[in-house]
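Beneath this line is the structure, given in structure tokens, with notes to follow.
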Amino acid sequence: MREPWWITIIKAFVIINLVMVAFAYTTWLERKLLGRMQNRYGPNRAGPKGLLQPIADLVKLVRKEAFQPDSVENGFVYIIAPIISMFTALAAFSVIPFGAGWHLWHWHIDGQILNVPIALILVFALGSIGIYGFIVGGWVSDSKFSLLGSMRTCAQLVSYEVSLSLAVLGVVIMGRSLSLVDIVHRQDETIWFAAPQLVGLLVFFIAGTAETSRAPFDLPEADTELVAGYHTEYSGMRWGLFQTSEYINMITLSALTVTLFFAGWHGPWAPLGPLWFFLKLFICVSIFIWLKATLPRLRYDQLMRFGWKVLLPVATVNAVVTAALVVAFQ
Amino acid sequence: MVAASAGNILTWIVWVGAAFACLGSGIAVVTFKNPFYSALALIGNLGSLAVLYLLLSAEFVAAAQVLVYAGAVMVMFLFVIAYIGHKFETPWAGGPTWQTVGAIGAAAAIFIEVIVAIGLKAGGRLDHAPHVARSFGTPSEIGRLFLTDHLLAFEITSIVLLVAAIGGVILGAHSRRAETDARA
């Protein structure tokens with residue numbers, strides 16, 4: 001049974017807002033956790049435990065003057081760049097399944113906004129378009145720091161995108177589908193792919209950290225070298241959009257990790273559905289933050305060498321071995 | 001029936017939008033003075049082509065088009081153009097004559113194709129909708145075709161790509177060696 005189109009629209013609206021709330025409280029969680037790991041309190045003034053801090057930040061960003069450098073020759077491109085990044089980051093969440101689907105009165109509601117047979121490729125395609133926001137934003141700002149930042153983004157994201165896609169190939173071979181829903185079902189029937197695809201999981205997670213420009217791969221916006229990288233010349237909510245899209249990319253990547261390797265909404269016991277999904281998502285995001293507090297930034301040559309000479313061969317061997325084993329045991 | 005015609009109208013609207021975006025961005029690619037904007041227009045062109053593929057129910061090809069061409073390949077274009085910076089003069093102002101000849105030839109070929117299509121339509125030979133299987137355009141079907149009917153073309157393409165990759169490495173290593181020699 002298919003759900004009516006208006007339910008899809010309502011669901012899309014709800015999910016977008018949930019993701020935005022998740023983003024806001026990821027920033028809070030990050031500042032809080034980083035603070036505790038560095039032996040300080042983190043935000044604790046706005047509301048109990050600093051819980052209203054994200055809202056205060058939002059109000060601040062919206063009220064701030066959004067200036068634009070004089071040397072920007074095309075204001076339209078300058079403004080559209082953060083919007084592109086934001087749009088693709090949010091759109092990628094539409095294919096992530098978070099529940100088995102429900103019956104409400106006499107309507108059927110799917111556990112995801114869209115179930116397309118090529119969901120996985122769709123997420124990657126949206127991600128590869130989102131890169132343009134960063135590159136174009138840095139280029140059109142007409143500042144050396146911005147340009148260097150976007151050049152680094154460009155090189156880093158292109159290098160690690162290859163390993164990222166190869167790392168999921170093992171999962172696709174085992175799940176026999178590119179649809180995220182099918183992959184989750186398959187894991188429920190057999191085994192969570194984190195076990196047989198441990199290598200794939202590690203490569204995926206490392207490459208994913210690089211794709212989202214998180215520490216230790218935060219070279220594109222290394223603040224000691226480049227001020228802020230590609231978003232140096234952005235301020236106010238335009239800067240906020242860039243920042244939002246980065247965090248949402250991280251959340252999407254965590255959701256993808258959960259879906260591909262940890263059976264999505266299925267739990268080891270108790271059919272809690274979406275609650276399992278959010279619990280796993282929370283753990284995954286916390287690991288990202290933990291990495292940021294722990295690891296120092298890589299040097300540029302280390303980054304390139306690691307990406308092409310370690311990660312890519314490992315991902316390739318993993319995909320080939322998985323394919324051979326799957327064929328052998330079929 | 002109402003739903004079907006509403007779907008048709010929607011398809012028409014999307015088709016008209018994508019087709020004109022395709023033409024417009026194609027013209028923009030060759031008219032922009034700044035190569036960076038030309039590259040951006042080319043991304044738009046590839047994106048609207050992907051929408052046309054979607055309308056032909058080739059979802060996988062559309063996604064691959066966005067991922068590979070609009071995503072990975074065009075990033076390289078932008079990377080190089082942004083690195084060269086403002087030092088360029090409109091690089092294709094008065095390119096070699098063979099380029100002009102090639103462009104005119106290609107335009108003539110497309111023009112003839114359009115006339116043939118209109119002729120077929122007028123002759124009533126396009127009245128029967130082709131039979132399209134449900135599996136058309138799915139990843140598994142495309143994979144099956146690659147490894148059966150079109151295996152030779154598939155393998156030759158992979159060899160061409162391999163040659164290009166090795167060639168790139170050799171050219172890069174050569175220029176780096178020349179640089180160290182010059183420094184010594």
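Because only heavy atoms are used, hydrogens play no part in the values below, and waters and symmetry mates are left out as well, while side chains stay in. Just so it is clear, the model here is predicted, and its values are computed rather than measured. Proteins get letters first, then strands, A, B, ... in listed order; numbering begins at 1 in each.
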Decide side chain to side chain contact (heavy atoms under 4.5 Å, CB included) for A:M86 and A:I248; before the verdict, give the C-alpha distance in whole Å, the side-chain angles of both, and the deciding distance to 0.1 Å.
CA-CA 8 Å; A:M86 180 75 187; A:I248 291 180; 4.2 Å; yes
Before we go on, tell me: are the rings of A:W139 and B:Y37 under 6.0 Å apart, centre to centre?
yes
Could you tell me which portion of A:V162 (side chain, backbone, both or neither) has an atom closer than 4.5 angstrom to a non-hydrogen atom of chain B?
neither
Heavy atoms of other groups near B:F20 CZ, more than 12 under 6.0 Å:
no
Is B:M74 in contact with chain A via its backbone, its side chain, both, or neither, using a 4.5 Å heavy-atom distance?
both
Restricting to pairs with a member in residues 305-330 of chain A, which pass ring-ring contact (aromatic ring centres under 6.0 Å, His included), not counting sequence neighbours?
none
So which of A:S165, A:S128, A:G138 has the largest heavy-atom pair count under 4.5 angstrom toward chain B?
A:S128
With a 4.5 angstrom heavy-atom cut-off, which part of A:V116 approaches chain B: side chain, backbone, both or neither?
neither
